[in-house]
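When a ligand or atom number is given, it counts from 1 through the structure's own listing order. These numbers come from the heavy atoms of this one structure, side chains and all, not from hydrogens, waters or symmetry mates.
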Amino acid sequence: MMKVLIATDKPFAPDAVKGIRAVVEKAGHELVLLEKYTEKSQLIDAVKTVDAVIIRSDIIDAEVLSAANHLKIVVRAGAGYDNVDLDAATAKNVCVMNTPGQNANAVAELVLCMMVYAVRNFFDGSSGSELLGKKLGLHAYGNVGRNVARIAAGFGMEVYAYDPFLPDDVIEKDGVKAVKSVEELYSSCPFISLHIPATSETKQSINKALLSKMPKKAVLINTARKEIIHEPEIAELMQERADFKYLTDIMPGNHAEMQEKFPGRYFSTPKKMGAQTAEANNNAGIAAANQIVDFFKTGNQKFRVNK
Ligand code: 3PG
């Protein structure tokens, strides 16, 4: 019997926890729950005796890993795993996985919702505009990008994508136009939705030089990561361009300044909520539980992300 911990600062929906418990207990393992913890020390205490951990954006760094002497696997119930120190996990022989695609539709629905909110002038009662016939650029075409493209097509948008890791035909078979460079994407599309991970190459890469290329009445949507934005430069750009709107699901460091300077053009959710739906919690949480059960039973490491 293995001990499986759910450690979520931002908890799953209660039904998702029930579903995870059912999978874990059916396989003969024990489930331990740590939700809404406020101190890192609580996480450190909780990992000491467990064999597996299911997390969301919770930070699993070298200090947490060094306390986890029985830990064999960490599953990030979601897509991005920049919150896990992969090298430290590898050094401790801990397998790290994600659950790609499981929360993608939820995030994509929020993207379209934010675009509507932007073009309807933050629902302030004034006459706005429509998405029909407008050009949307997807910066990366992974699971979320694909779902955004599918929904945007229903709105009648013209969808473009830039993804250097995918051949054009994979993008174009979905009726999306593949563009050759990031500059071409930004200069062609007044709507841009970001779907790149936070890596050493992408950090602060969404900067003034790139955003300045966007056509008039630009709308930038960020449901990806805070770190990819050059925060001081986006503030500078919005100061210069009264037609530029920025809506984000990850509150920036300069939120107070942005809110004060750009009312009606800047919006941030109070807490990242792209994946905060019952469906996404169920899909990602139960996938994580199944991956853990399978890992212990058969050694399956299909979704492993560390070497
Ligand atoms: C992800 O990487 O899957 C999303 O950013 C969702 O993150 P969350 O589980 O912390 O809401």
> Which pairs with one or both residues in residues 249-288 pass ring pair (Phe, Tyr, Trp, His ring centres under 6.0 Å), sequence neighbours excluded?
Replying inline: Y117-F267, H255-Y266

> Any luck finding a side-chain donor-acceptor pair between N105 and R150 under 3.5 Å?
Replying inline: yes

> Can you hop from M238 to Y186 via hydrophobic side chains spaced under 4.5 Å?
Replying inline: yes

> Under a 4.0 Å heavy-atom cut-off, what residues line ligand 1?
Replying inline: K10, R56, S57, R76, G78, A79, G80, N103, R225, K272, A275

> Which ring pair (Phe, Tyr, Trp, His ring centres under 6.0 Å) pairs, counting each pair once, include a residue from residues 1-26, with sequence neighbours left out?
Replying inline: none

>> For the CD atom on E260, are there more than 12 heavy atoms of other groups (residues, nucleotides or ligands in this structure) within a distance under 6.0 Å?
In response: no

> So which pairs with a foot in residues 1-16 pass salt bridge (Lys or Arg N to Asp or Glu O under 4.0 Å), sequence neighbours left out?
Replying inline: D15-K18

